[in-house]
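For reference, the structure discussed in these notes is given below.
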Amino acid sequence: MDLHLDGDTALVTASSAGLGNASARALAREGANVTICGRDADRLADAEAAFEGLDGDVLALEADITDPKDISAIVEATVEEFGALDHVVTSAGGPRSGPFLDMTDQDFYEAYDLLVMSAVWTVKEAYPHLEASDAGSWTAITSTSVQEAIDGLVLSNGVRRAVVGIAKTVAREWAPDVRANVVLPAAHETSRIEELVEQSLDRGEYDSYEEGLDDWADGIPMGRIGDPGELGDVVAFLASDRASFVNGASVPVDGGRLRS
């Protein structure tokens, strides 16, 4: 299926690795020019090199998405480089894991900036360009935790829900000029999952890394965790005019894990 993204421009935050990177690569495979960003210069350089041979061009920028000045700069640089901005995909690394009583007030504030305000700042800055586009779209990558809480992830469970509410609101306020949708990934084989399993090992919850990984796949009818590229393909579809009547949706990409 041709997604008609050739020549469009997309900005994907927190995209030097993980689901953000997979989404950026999916967009570039469809011919979109893509801006990727991240805080780690070496990881960002490796991510940029991996775009070689894809149809779309890539602009790689160092940025901290919890700093609104950095977000303003990457939006400006994207438009300067490619002449437009048609699609925004907001992604973010996961917050600290652990139970409620282990979290400080500062942990909650930091999680809110990371997961919610980074998206707010990005779409606010990008809105004039999205509105001027013939096919403006915002796709927010969140988690299945916004519908069903995941043990040990109180910050993700509690804070990510705000992004869904914001996306649902602007989907109505900005239509028909700009569509807004949310994807709800379950576990995918990213460095974030590796990190969470390692943290659980440190807390003594598992005897081995393999046991922890198997536990993340438990309850997924497909019998495995996802490949990041599978999530990226859904993001690319939602950005495209093939999904032109999909607006305000929350789309699980979870192998059937959610029961609700």
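All values below were derived from every heavy atom in this structure, side-chain atoms included, with hydrogens, water molecules and symmetry-related copies excluded. Remember, predicted model here, so these are calculated numbers, not experimental data. When a residue number appears, it is its place in the shown sequence, counting from 1.
A side-chain donor-acceptor contact under 3.5 Å links Ser145 and Ser156. Side-chain N/O atoms of Asp8 and His87 include a donor and acceptor closer than 3.5 Å. A side-chain N or O of Ser260 and one of Glu148 form a donor-acceptor pair less than 3.5 Å apart. Using modelled atom types and a 3.5 Å distance limit, the side chains of Asp241 and Ser244 yield no donor-acceptor pair.
Glu48 CD to Leu61 CG: the interatomic distance, rounded to the nearest 0.5 Å, is 9.0 Å. Distance OG/Ser208 to CG/Leu213: 9.5 Å, rounded to 0.5 Å. Annotation: the span from Ser16 atom OG to Asp46 atom CG amounts to 9.5 Å, rounded to 0.5 Å. Atom CG in Leu258 sits 10.0 Å away from atom CD1 in Ile220 (nearest 0.5 Å). The OG atom of Ser23 sits 9.0 Å away from atom CG of Asp233, with the distance rounded to the nearest 0.5 Å. Distance check, rounded to the nearest 0.5 Å: CG of Asp6 to OG of Ser240 gives 13.0 Å.
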Apply side-chain contact (heavy atoms from CB on, under 4.5 Å) to residues His188 and Leu19 and explain how you reach the verdict.
CA-CA 8 Å; His188 286 67; Leu19 298 180; 3.8 Å; yes
Check the pair Val12, Thr35 against side-chain contact (heavy atoms from CB on, under 4.5 Å), reporting the backbone distance first and the verdict last.
CA-CA 6 Å; Val12 186; Thr35 295; over 6 Å; no
Derivation of the side-chain contact (heavy atoms from CB on, under 4.5 Å) call for Trp121 and Thr90
CA-CA 10 Å; Trp121 292 324; Thr90 54; over 6 Å; no
Before giving the answer on side-chain contact (heavy atoms from CB on, under 4.5 Å), spell out for Val170 and Val178 the whole-Å C-alpha distance, their side-chain angles and the decisive distance to 0.1 Å.
CA-CA 9 Å; Val170 302; Val178 179; over 6 Å; no
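Between the side chain of Ser15 and the backbone N or O of Cys37, at least one donor-acceptor pair lies under 3.5 Å. Of the possible donor and acceptor atoms, none in the side chain of Arg179 sits under 3.5 Å from a partner among the backbone N and O of Ala175. Within the 3.5 Å criterion, the main-chain N or O of Val183 finds a donor-acceptor partner in the side chain of Thr142. Put simply, the side chain of Asn157 gets close to the backbone of Ile150: a donor and an acceptor are under 3.5 Å apart. No donor-acceptor distance shorter than 3.5 angstrom exists from the side chain of Arg160 to the backbone of Val116, with no hydrogens or angles considered. Side chain of Asn181 to main chain of Ala249: a donor-acceptor pair is present (N/O by atom type, distance under 3.5 Å, no hydrogens or angles). Not one N or O on the side chain of Asn33 forms a donor-acceptor pair closer than 3.5 Å with the backbone of Gly56.
Closest heavy-atom contact between Pro221 and Gly219: CD-O, 3.3 Å. Shown here for Asp107 and Arg96, the closest heavy-atom pair between the two residues is OD2-NH1, 2.7 Å. Across all non-hydrogen atoms, the minimal contact from Ala180 to Ala167 is CB-O, 3.7 Å. Annotation for Val163 and Leu115: closest pair CG2-O, 3.2 Å, computed over non-hydrogen atoms. In plain terms, the two heavy atoms of Val197 and Tyr206 that are nearest each other are O-CD1, 4.5 Å. When all heavy atoms of Thr13 and Thr122 are compared, the closest pair comes out as CG2-OG1, 3.9 Å.
Heavy atoms of other residues, nucleotides or ligands lying less than 6.0 angstrom from CG of Asp134 number 12 at most. Atom OH of Tyr109 has 12 or fewer heavy atoms from other residues, nucleotides or ligands within 6.0 Å. Within 6.0 Å of CD on Glu131 lie more than 12 heavy atoms contributed by other residues, nucleotides or ligands. Other residues, nucleotides and ligands place more than 12 heavy atoms under 6.0 Å from the CZ atom of Arg242. No more than 12 heavy atoms of other residues, nucleotides or ligands lie within 6.0 Å of CD in Glu52, so this atom counts as exposed by the packing criterion. Within a 6.0 Å sphere centred on CG of Asp2, other residues, nucleotides and ligands contribute more than 12 heavy atoms. Heavy-atom neighbours of Glu189 CD from other residues, nucleotides or ligands within 6.0 Å: at or below the threshold of 12.
The side-chain contact (heavy atoms from CB on, under 4.5 Å) test with Glu125 singles out one residue from Val75, Ile74, Val120, and that residue is Val75. Between Ser118 and the options Val123, Ile65, Asp64, a side-chain contact (heavy atoms from CB on, under 4.5 Å) holds for only Ile65.
Look at Asp254 and Arg259 and you find no salt bridge, because none of the NZ, NE, NH1 or NH2 atoms lies under 4.0 Å from a carboxylate O.
The hydrophobic clustering, which links ILVMFWY residues whose side-chain heavy atoms are closer than 4.5 Å, places Val146 and Val253 apart.
For an aromatic pair to be called close, the ring centres must be under 6.0 Å apart, and Trp138 with Tyr127 fails this.
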